[in-house]
Amino acid sequence: MKLYFSNGSPFARKVRVVLAELALAYETDILDGLRPTSSPPGPTIAVPVLEDGALRLWESDLIVDYLLRSYPVAKPAGEPPLSPWMARPERHWQDMTVLATIATCATSIVNLRLMQPDGITPDSSAYMARQKARVDSCLDWLETQVTDDGFAPGWFSIMDIAFFCPVAFCDARGVMPWRGRRKLEALYDRCRARPSMLATPIGGLQPS
Ligand SMILES: N[C@@H](CCC(=O)N[C@@H](CS)C(=O)NCC(=O)O)C(=O)O
């Protein structure tokens, strides 16, 4: 397998964390910052992109779903164990809605960051103010969905990982304050210590 990514990308980090949790080896194609539009690894001109043999996939949640289905582990090593699914079978639509909300929130966090160097901020742009409001609104709603034991109690879930990666990026890049939500903060602090998180620092100060 080969993963195209940048060290800063929170979407790529989610995939890297899952690869680490599944103990899967992979080659890397790392380019920090934005890749040239002339030679992207996929048509969305975004990372991550995963190559597995003849198959090439993009969109981080799709890649994670592919990994979980293609490389299930009999006995996950971590505690709590990595969930073997994207969403709990008995709460499929609720969990998929949580994942979709996190993805939307992550996109707004990254957009806020990517516009910073051009001086386009929530103070100077009504649309960036809307992106910031969207992040707050998503996080407020996620706080109502998460438990004291994460999004899926008893598991280190893809929802937990998908939440942690963009919020850690938000912290590291000083995008906007997000704290003040008790359960999300507790989840964030628990995730930080997980070996797969420690093994995938976002590093650098590149734009994304
Ligand atoms: N929905 C995509 C988002 C991927 C994404 O936006 N990646 C950023 C890096 S964090 C990127 O490559 N952006 C390139 C661009 O904006 O042109 C996913 O989940 O994989």
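These numbers were taken from a predicted model, which means no experiment stands behind them. FYI, side chains are in, hydrogens and waters are out, and symmetry mates aren't considered; it's all heavy atoms of this structure. One-based numbering, in listed order, for ligands and for the atoms of each.
Numbered from 1 in the order shown, with element, the atoms of ligand 1 that lie under 4.0 Å from a heavy atom of P48 read 20 (O). Applying the 4.0 Å criterion to heavy atoms of P10 picks out, from ligand 1, the atoms 10 (S). Under a 4.0 Å criterion applied to the non-hydrogen atoms of I45, ligand 1 contributes the atoms 14 (C), 15 (C), 17 (O).
In summary, R182 and D148 engage in a salt bridge, as defined by a charged side-chain N under 4.0 Å from a carboxylate O. Note on K132 versus D123: no salt bridge recorded, every NZ/NE/NH1/NH2 to OD/OE distance being 4.0 Å or above.
The side-chain heavy atoms of F163 and L187, taken from C-beta on, include a pair separated by under 4.5 Å.
Considering backbone and side-chain atoms alike, K14 places every N or O at 3.5 Å or more from each N or O of ligand 1. Residue S6 has no nitrogen or oxygen atom sitting less than 3.5 Å from a nitrogen or oxygen atom of ligand 1, judged on distance alone.
Applying the ring-ring contact (aromatic ring centres under 6.0 Å, His included) test to every pair with at least one member in residues 54-89, sequence neighbours left out, gives these pairs: W85-W155. Within the structure, the ring-ring contact (aromatic ring centres under 6.0 Å, His included) test picks out no pair touching residues 121-151 (sequence neighbours left out).
Contact between L34 and ligand 1 is present, with at least one heavy atom of the residue lying under 4.0 Å from the ligand.
Closest heavy-atom approach to atom 9 (C) of ligand 1 among the candidates C165, S9, A46: S9.
In this structure, Q131 CD and M115 CE are separated by 9.0 Å, a value rounded to the nearest 0.5 Å.
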